Novice: 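Here it is, the structure in full.
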Amino acid sequence: MNGAQLLIAAALSEGIEVCFANPGTTELPLVLALDETPGIRSILCLHENVATGAADGYGRMLSKPAMCLLHLGPGLANGLTNLHNARRAGTPLLNVIGEHATWHIRADPLLASNIEALAHTFSVFTKRSTDAQNTAVNLADAINATAISGGVATLIVPHDCQLAEAGDVRPACRQVPKSSYSPANVSESAKALQRGRSAILLGGKGLSEAGLKLAGRIAVATGADLLCDTFFARMERGGDLPTATRLPYFPDQALALTRRYESVVLAGTRRPVAFFGYPGVPSYLTSEEQTVALATSAEDVLGALEALAAKLNAPNDIPQNPRAPLPAMPKGRLNTQSVAAVIARLQPENGIVMDEALTVGMAYFDSSQSAPRFSHLMLTGGAIGQGPGAATGAAIACPGRKVINFESDGCGAYSVQAFWTQARENLDVVTIIGSNRSYNILNVEFERAGVKALGPIARSMTGLDHPYLDWVRIGEGFGVPSVAVDSAEGLARELENALARKGPRLIEAIMS
């Protein structure tokens, strides 16, 4: 075997099943090796940010890495936005980056760059292979790092290392050490929950089905409220699962919520931080005195919650409190509330909702509290352009589940190339574009800052209407059947039609 063949064979033996790729000349031996060593599904993406976003969505749904195959430093840089988001989500993800031949790098060719410097900004593991024989060991080390740390690993493979003879020696699969939790933190959390009015702030595995049920039992035993991060990686929701209040986006609103509590116990997340710094507003949304750490995302969150439930003699059964009904089916012109209501009423049981609607989707979380069971994914790192790629990856990971990508027009424009991959692979993704034809979050921020009237330059920096984005043509141009609607009745009709069919669909919901 050459180095490329050995790397692909090692990836297959380490459990890699999917490769999202945007390769170039320096990765051609790896592309050939994907043919010569069958077993890894290879999916072409038209832009690296789609590939990295798809690998993120795939990893979130299956809790195991897909491989991204990217072209040199500039290709990695193109995918950096969604690698940042994957880092914030704690998603296991394997990057394989082609590099110039070792003997050619000294000439500083045009595409040469400091790949390690780029990779270090988001990777839990970064390694450059120096010869063909060590590619398999390096790959195993990379995958082991993602399993232990729950993050992105980056392996750089020079072109001559891919071509050179490598032998056929692959490392044995390694046992991933079991994560643990602190019994002292369990005791401290129990005391805090019994001391006064309290809340449990959930993230990571705390928002899994098992985590929510354990937290629900603890809430029954202590009277604690359940909260969740503003932007979580994945949350199981709906049906008979306990509900959690989402931390508001704006810090003053979040502080108004957290200050109700004497103690806020963190389970699977960190102390909450304001999205941006505002004059006179603290960075942290809980005080040091009220913050109690049960388990970080890197620890055994479920084990800690189970131990806490036992210490508090929490009941095994959670009383089923009557849920608020789903919002009524709206009529007339579309706005934030009516778009959210239509989606919440029609989304299928066991669906997956990738939510990158931002201001357009502010009402969706509350509207969908009583929806049938579903998995809810969100933008995690704040770097927009995640939704279409992540929805693509989620559909690859879970082919039997319908995916709805609820997207704002400003965010969606960052990664429209994902529609081509959805069409090529015939993926079950329905994209709903909440089209307010602006970067409306900036208008909201201006208003909150007390800006009464915008000048012509500021207005031009927030508007997407001169010209407006023609989402029907954009979707159809990439091979996705597309339609535009401007009423709640039209959105309901077209969403029902899209959900009843196999394959990708796009609906532009034009909002007044």
Side-chain angles (χ1 to χ4, degrees), residues 47 49-50 53 78 80-82 84-85 88 230-231 246-254 274-279 281 333-340 343 353-365 377-391 404-419 431-475 478 482 484-486 491 506-512:
H47 192 277
N49 216 34
V50 174
N78 277 346
L80 193 62
T81 292
N82 281 328
H84 163 80
N85 289 327
R88 287 296 190 184
T230 310
F231 296 104
R246 186 177 162 210
L247 273 185
Y249 171 80
F250 292 111
D252 53 330
Q253 297 169 3
F275 207 78
F276 295 107
Y278 297 88
V281 179
R333 303 290 292 180
L334 289 171
N335 56 32
T336 297
Q337 288 73 27
S338 60
V339 172
I343 297 172
V353 176
M354 174 60 221
D355 175 4
E356 196 187 18
L358 300 184
T359 50
V360 167
M362 280 184 173
Y364 173 73
F365 187 87
L377 313 182
M378 292 200 74
L379 174 70
T380 49
I384 62 176
Q386 183 176 34
I404 295 175
N405 176 205
F406 186 20
E407 192 72 29
S408 63
D409 47 1
C411 296
Y414 276 61
S415 48
V416 294
Q417 301 93 333
F419 301 143
T431 300
I432 300 171
I433 303 289
S435 184
N436 57 17
R437 296 177 174 172
S438 70
Y439 286 125
N440 197 47
I441 187 62
L442 299 182
N443 293 323
V444 174
E445 293 280 17
F446 277 132
E447 184 178 334
R448 286 173 55 83
V451 178
K452 302 298 183 185
L454 299 181
I457 293 176
R459 280 200 307 273
S460 73
M461 291 293 126
T462 66
L464 299 176
D465 54 348
H466 296 296
Y468 68 87
L469 297 166
D470 190 333
W471 284 100
V472 173
R473 289 188 178 184
I474 291 169
F478 284 107
S482 305
V485 297
D486 61 3
L491 177 58
L506 184 149
I507 304 168
E508 180 185 14
I510 301 171
M511 301 170 67
S512 55

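All values derive from a computational prediction rather than experimental measurement.
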Novice: Which of these passes side-chain contact (heavy atoms from CB on, under 4.5 Å) with W471: D409, I510, I507, T431?
Specialist: D409

Novice: Which heavy atom of P251 sits nearest a heavy atom of V281, and at what distance?
Specialist: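 Minimum heavy-atom contact is CB-CG1, 3.8 Å.
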
Novice: Are any of the side-chain heavy atoms of Y439 and E445 separated by less than 4.5 Å?
Specialist: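 With C-beta onward as the side chain, the pair stays apart.
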
Novice: In Å, rounded to the nearest 0.5 Å, how long is the span from CD1 of I432 to CD1 of I343?
Specialist: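 Output value for this atom pair is 4.0 Å.
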
Novice: Of all residues at least two apart in sequence or in a different chain, which pass the side chain to side chain contact (heavy atoms under 4.5 Å, CB included) check with H84?
Specialist: R87, R88, A383

Novice: Going by atom type alone, with no hydrogens or angles, which donor-acceptor pairs under 3.5 Å involve a side-chain atom of residues 353-365 and a protein atom two or more places apart or on another chain?
Specialist:
unit_1: D355; atom_1: OD1; unit_2: A357; atom_2: N; d: 3.3
unit_1: D355; atom_1: OD2; unit_2: H376; atom_2: NE2; d: 3.1
unit_1: E356; atom_1: OE1; unit_2: Q386; atom_2: N; d: 3.3
unit_1: E356; atom_1: OE1; unit_2: G387; atom_2: N; d: 2.7
unit_1: E356; atom_1: OE2; unit_2: G385; atom_2: N; d: 2.7
unit_1: E356; atom_1: OE2; unit_2: Q386; atom_2: N; d: 3.0
unit_1: Y364; atom_1: OH; unit_2: Q347; atom_2: OE1; d: 2.6
unit_1: Y364; atom_1: OH; unit_2: Q347; atom_2: NE2; d: 3.4

Novice: Give the minimum heavy-atom separation between G389 and A418, together with the two atoms involved.
Specialist: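 Smallest heavy-atom distance, with atoms named: N-CB, 4.0 Å.
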
Novice: Are I474 and E508 side-chain neighbours, meaning at least one heavy-atom pair lies under 4.5 Å?
Specialist: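 No. Closest side-chain heavy atoms not under 4.5 Å.
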
Novice: Of all the heavy-atom pairs spanning I384 and T81, show the shortest one and how long it is.
Specialist: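 Looking at all heavy atoms of both residues, the shortest contact is O-CG2, 3.7 Å.
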
Novice: Determine the minimum heavy-atom distance between G410 and L464, stating which atoms define it.
Specialist: CA-CD1, 3.8 Å

Novice: If the condition is salt bridge (Lys or Arg N to Asp or Glu O under 4.0 Å), which residues does R459 pass it with, not counting sequence neighbours?
Specialist: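 None.
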
Novice: If you measure only the distance, is there a donor-acceptor pair under 3.5 Å linking the side chains of E407 and Y414?
Specialist: no

Novice: Among all residues two or more places apart in sequence or in another chain, which pass the side chain to side chain contact (heavy atoms under 4.5 Å, CB included) test with D465?
Specialist: R437

Novice: Return yes if some donor-acceptor pair links the side-chain N/O of N82 with the main-chain N/O of N49 below 3.5 Å, else return no.
Specialist: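 Answer holds: yes.
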
Novice: Are any side-chain N or O atoms of T380 and backbone N or O atoms of N85, one a donor and one an acceptor, separated by less than 3.5 Å?
Specialist: yes

Novice: Quick one: ring pair (Phe, Tyr, Trp, His ring centres under 6.0 Å) partners of F275, sequence neighbours excluded?
Specialist: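 Only F231, Y249 meet the ring pair (Phe, Tyr, Trp, His ring centres under 6.0 Å) criterion with F275.
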
Novice: Partners of S415 by side-chain hydrogen bond (donor to acceptor under 3.5 Å, both in side chains), sequence neighbours excluded?
Specialist: none

Novice: For the residue pair A413 and L469, what are the closest heavy atoms and their distance?
Specialist: CB-CD1, 4.2 Å

Novice: Please give me the minimum heavy-atom distance between V416 and G412, naming the atom from each residue.
Specialist: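 Answer, listing the atom of V416 first, then G412: CG1-O, 3.4 Å.
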
Novice: Let me confirm one number: the OG1-CG distance from T230 to L247, rounded to the nearest 0.5 Å.
Specialist: 4.5 Å

Novice: Is it the case that atom CD in E447 sees more than 12 heavy atoms from other parts of the structure closer than 6.0 Å?
Specialist: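 Not buried by this count: 12 neighbours or fewer within 6.0 Å.
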
